[in-house]
Amino acid sequence: MSTLVVGVVQQTCGDDTGANLQHSIDGIRAAAAEGAKLVVLQELHRSRYFCQQEDTDLFDLAEAIPGPSTDALGALAKELGVVIVSSLFERRAPGLYHNTAVVLEADGSIAGLYRKMHIPDDPGYYEKFYFTPGDLGFEPIQTSVGCLGVLVCWDQWFPEGARLMAMAGAQMLIYPTAIGWDPNDDEAEQKRQRDAWITIQRSHAVANGLPVISVNRTGHEPDPAGGAGAQFWGSSFVAGPQGEILWQAAEHEETVALVDIDLARSESVRRIWPYLRDRRVDHYGDLTKLYRR
């Protein structure tokens with residue numbers, strides 16, 4: 001398979017988790033009906049982005065893997081013959097929770113998991129309260145449509161994760177995402193933040209010679225404590241292995257889109273820009289340190 005048809009589902013989320021999951025399912029069905037063989041959903045698509053505040057009651061949103069959502073999505077993957085990348089709040093054990101991406105194979109089985117490694121803790125993004133850092137490493141997931149380097153949201157700011165996925169044979173980098181503006185920020189600051197988000201992920205495509213699929217949520221979600229809430233900026237996009245934008249969604253619209261990715265281009269791009277060949281791994285030992293001074 002040289003050309004892979006990828007479906008991207010950018011959606012809003014409300015208070016009803018069942019309705020949110022059904023909305024995702026509807027998007028998957030729409031993408032598959034148009035020929036998608038891989039469909040990628042946004043981060044934590046079953047619920048609103050609940051990490052705006054710290055609240056122990058919200059752990060009730062978590063579920064086991066395998067569990068109800070993977071059962072539903074697995075059955076859908078088998079019915080439609082597609083590979084699905086989902087993002088769930090995983091209840092691994094009492095008191096142990098992860099932000100976990102699940103890849104459902106086209107036969108309905110779970111092809112693999114990725115547990116989010118980098119966990120933010122910033123105003124409006126209090127994820128360290130909810131999520132234990134991942135323990136599965138940066139391991140790509142082999143599927144019938146290719147080897148998927150799945151990471152999650154905050155991971156997208158770190159070149160190390162992208163590089164390790166590439167070094168392990170990933171054929172593409174995939175980032176389910178939930179990121180937006182603080183409505184109190186001025187327009188210039190909002191533009192800088194969104195541009196930085198796009199630029200860093202395009203740089204991973206360039207540095208590794210791989211396509212990047214980034215799927216973000218859209219819409220305003222209120223702060224349960226009465227603050228300004230979060231305005232998620234949508235803007236999901238797919239970039240090619242030279243960082244070129246193949247497709248991009250609008251900021252404020254729900255979207256189901258199909259994008260053709262030429263998987264063979266990575267080979268030709270890496271021949272003219274052979275970064276992996278020229279890496280000086282004998283001098284990179286200090287990268288395992290937090291800081292060099």
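As the structure is a computational prediction, the values presented were derived from the model and not from experiment.
For Gln11 and Ser24, the side-chain atoms include at least one donor-acceptor pair closer than 3.5 Å. Judged by distance alone, the side chains of Glu63 and Ser69 do bring a donor and an acceptor atom under 3.5 Å apart. Between the side chains of Asp155 and Tyr114, a donor-acceptor pair is found at a separation under 3.5 Å. Between the side chains of Asn99 and Glu43, a donor-acceptor pair is found at a separation under 3.5 Å. Of the N and O atoms on the side chains of Arg217 and Thr12, not one donor lies less than 3.5 Å from an acceptor on the other residue. Residues Ser214 and Gln201 have side chains that bring a donor and an acceptor to within less than 3.5 angstrom of each other. With 3.5 Å as the limit, one finds a donor-acceptor pair spanning the side chains of Glu127 and Tyr49.
A salt bridge links Asp15 to Arg48: at least one charged side-chain nitrogen sits closer than 4.0 Å to a carboxylate oxygen. Classification of Arg29 and Asp26 as a salt-bridged pair fails, no side-chain N sitting under 4.0 Å from a carboxylate O. Under a 4.0 Å N-O distance rule, the pair Glu90/Arg115 qualifies as a salt bridge. Lys78 and Glu105 are not joined by a salt bridge, as no carboxylate oxygen comes within less than 4.0 angstrom of a charged side-chain nitrogen. Of the charged side-chain nitrogens involved, none lies within less than 4.0 Å of a carboxylate oxygen, so that Glu160 and Arg163 do not count as a salt-bridged pair. Here Glu244 does not pair with Arg202 in a salt bridge; the nearest charged N to carboxylate O distance is not below 4.0 Å. Using a cut-off of 4.0 Å between Lys/Arg side-chain N and Asp/Glu carboxylate O, Glu267 and Arg271 are scored as salt-bridged.
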### Task
Determine, stepwise, if the pair Tyr125 / Tyr130 fulfils ring pair (Phe, Tyr, Trp, His ring centres under 6.0 Å).
CA-CA 10 Å; Tyr125 294 87; Tyr130 296 99; over 10 Å; no
#### Entry: Evaluation steps, salt bridge (Lys or Arg N to Asp or Glu O under 4.0 Å), between Lys289 and Asp286
CA-CA 5 Å; Lys289 297 178 180 179; Asp286 281 357; 3.2 Å; yes
### Task
Using the ring pair (Phe, Tyr, Trp, His ring centres under 6.0 Å) rule, take His118 and Phe158 through it: C-alpha gap first, then chi angles, then the decisive distance, then the call.
CA-CA 8 Å; His118 301 97; Phe158 296 85; 3.8 Å; yes
### Message
Apply side-chain contact (heavy atoms from CB on, under 4.5 Å) to residues Val9 and Val40 and explain how you reach the verdict.
### Response
CA-CA 6 Å; Val9 180; Val40 182; over 6 Å; no
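Between His45 and Leu21, some side-chain heavy-atom pair lies under the 4.5 Å cut-off.
The number of heavy atoms from other shown groups lying within 6.0 Å of NZ (Lys128) is above 12.
The aromatic ring centres of Tyr97 and Phe89 sit less than 6.0 Å apart. Note: Phe237 and Trp197 meet the aromatic proximity criterion, with ring centroids under 6.0 Å apart.
A donor-acceptor contact shorter than 3.5 Å is absent between the side chain of Thr177 and the backbone of Asn216. Under a 3.5 Å cut-off, the side chain of Trp247 and the backbone N or O of Val259 do not form any donor-acceptor pair.
Ring orientation note: the planes of Phe131 and Phe50 are nearly perpendicular, at an angle over 60° on the 30°/60° scale.
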